Amino acid sequence: MSSTSLHQSLQEEFGFDSFKGNQEAIIKSLLAGKDTFVIKPTGGGKSLCYQLPAIISDGVAIIISPLIALMKNQVDLVRSYSSKDDVAHFLNSTLTKKEIREVHDDLLSGRTKMLYVAPETLTKQENLEFFSDLKLSFFAVDEAHCISEWGHDFRPEYRRLREMMTQINPDIPVIALTATATPKVQSDIIKNLGLKEPEIFISSFNRPNLYYEIQPKIKKDQTIKNIVRFIVQMKGKSGIIYTLNRKTTEELADMLMANGIKAVAYHAGLDSKLRAERQDLFLNEDVQVIVATIAFGMGIDKPDIRFVIHFNIPKSIENYYQETGRAGRDGLEGKCVLYYSHKDVSKLEHLMRDKPLSEREVGAQLISETVAYAESGVCRRKILMSYFGEEYTEKNCGECDNCLHPKEQVEAKDNVVKALKV
Ligand code: ADP
Ligand code: MG
């Protein structure tokens, strides 16, 4: 397919004028029938790398996605682009028998170009047989880091994907996509998905439009006051507050409401209906703020989230990067503020007390890196990028607290530099 017609499809199907970053090269690799591995930060535009090829290819693409909430979000988006409801479907445990039959009919008719499935859907024998008889274009494995124990969201079912893809159709290409760039996770993905001589596309992990700041968290009340003041300043702009535990999400949401800020709490303890409702309230901007545990956010496509506040220190730099990465996906402003206290570090450590020793060791290592990041006087961007194996050579990024207001030489700094090797 020529570049001109790819651009034309981009325009016609998605209404975009140009490809973002290396999207075009990725799409060409997949359309050439090659296994393709895409490592691109959150907001980089990974979905389009399989959605556009799916639309212009013969047959249907099977897209494996880890979360049911994620699938619905994606399918709604695709449908809104194309204005054809049957262009994309999902199959998972939330559908009724009748709905499943309708999806099957659309698949058999050839109208459907994208089918989103959970890994569990693929393990069912009847589905395997049904899919084997369909004309398929390719497999896309989104959030592919879920296959690795070294990623931030391991899902054991992902380990069986290769076996199931082989059963369904061993001859079509696979595209794997992730925003996790650590070398261990990368090699796990290639190995476990059995990618054959994949073409690998790695993008820079710098997010130049994100502003990073660490604030000391001294008293809880004062911190909440500061947060309220901050959000009032961000009038009309959407944001996420991440907290460590479920109770705090409710507490904070109540406090915000009491201060005239529309907010909802979100955590895995709520039933799925309530979670979906609250997610929609946030996506549709009926509320300004969602106060959530890490249960919220993976793959949520809201391009104009303007701030991400961490009320507690995240459990790894990787988590921090992914969570802050949800801000400013449209390339515009995104403020990321982390409230840091030693007490929260102890809380995190305490949470691991019952885990097996090896897990505790990995956990402690990840926490100590995050602490070093929080206490550092070095450019935040430089530290984050070096964590992903990239070098940031600018002297001053101009978009983090340490570059804007350099600290006096603090004695912790040298240790930090050593710990993080930056
Ligand atoms: P990722 O999965 O890499 O985190 P998404 O696929 O969700 O990112 O895309 C992030 C945002 O970028 C979305 O709002 C999407 O519509 C937008 N986007 C993707 N490709 C383009 C493009 N070529 N031009 C403009 N916007 C794009
Ligand atoms: Mg994505």
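In each ligand, atom 1 is the first atom listed, and ligand 1 is the first ligand listed. What you see is a predicted model; the values in this text were computed from it and never measured.
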Scan Tyr320, Tyr340, Tyr321, Tyr212 and name whichever one has a ring pair (Phe, Tyr, Trp, His ring centres under 6.0 Å) with His310. Tyr320
Where's the contact between [X] and ligand 1, heavy-atom distance under 4.0 Å: side chain, backbone, both or neither?
X      : value
Ala179 : neither
Phe19  : backbone
Lys40  : neither
Tyr50  : neither

Do His267 and Glu250 meet the criterion of a side-chain donor-acceptor pair at a distance under 3.5 Å? yes
Using the six-membered ring wherever Trp is involved, compare the ring planes of Phe388 and Phe205 and label them parallel, tilted or perpendicular (cut-offs 30° and 60°). tilted
Gap separating the CG atom of Asn206 from the NZ atom of Lys382, nearest 0.5 angstrom: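 Between Asn206 CG and Lys382 NZ, I get 12.0 Å after rounding to 0.5 Å.
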Identify all side-chain donor-acceptor contacts of residues 50-69 below 3.5 Å with residues at least two apart in sequence or on another chain.
residue : atom : partner : partner atom : Å
Tyr50   : OH   : Asp142  : OD2          : 2.9
Gln51   : NE2  : Gln74   : OE1          : 3.4
Gln51   : NE2  : Tyr116  : OH           : 3.2
Ser57   : OG   : Pro53   : O            : 2.7

At the 4.0 Å heavy-atom cut-off, does Pro41 count as touching ligand 1? yes
With a cutoff of 4.0 Å, is Arg329 in contact with ligand 1, counting heavy atoms of the residue only? yes
Flag Leu48 as yes when one of its N or O atoms lies below 3.5 Å from any N or O atom of ligand 1, and as no otherwise.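 N/O-N/O distance under 3.5 Å: no.
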Between side-chain atoms of residues 234-241 and protein atoms elsewhere (two or more places apart, or another chain), which donor-acceptor pairs fall under 3.5 Å?
residue : atom : partner : partner atom : Å
Lys237  : NZ   : Glu333  : OE1          : 3.3

Numbered atoms of ligand 1 (with element) below 4.0 Å of Tyr81, judged on heavy atoms: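 With Tyr81 as reference, the close atoms of ligand 1 come out as 16 (O).
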If you count the atoms of ligand 1 from 1 in the order shown, which ones are under 4.0 Å from a heavy atom of Ser18? 22 (C), 23 (N), 24 (N)
Could you tell me which non-hydrogen atom of Ala374 sits nearest to which non-hydrogen atom of Arg380, and how far apart they are?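 Closest heavy-atom pair between Ala374 and Arg380: O-NH1, 3.5 Å.
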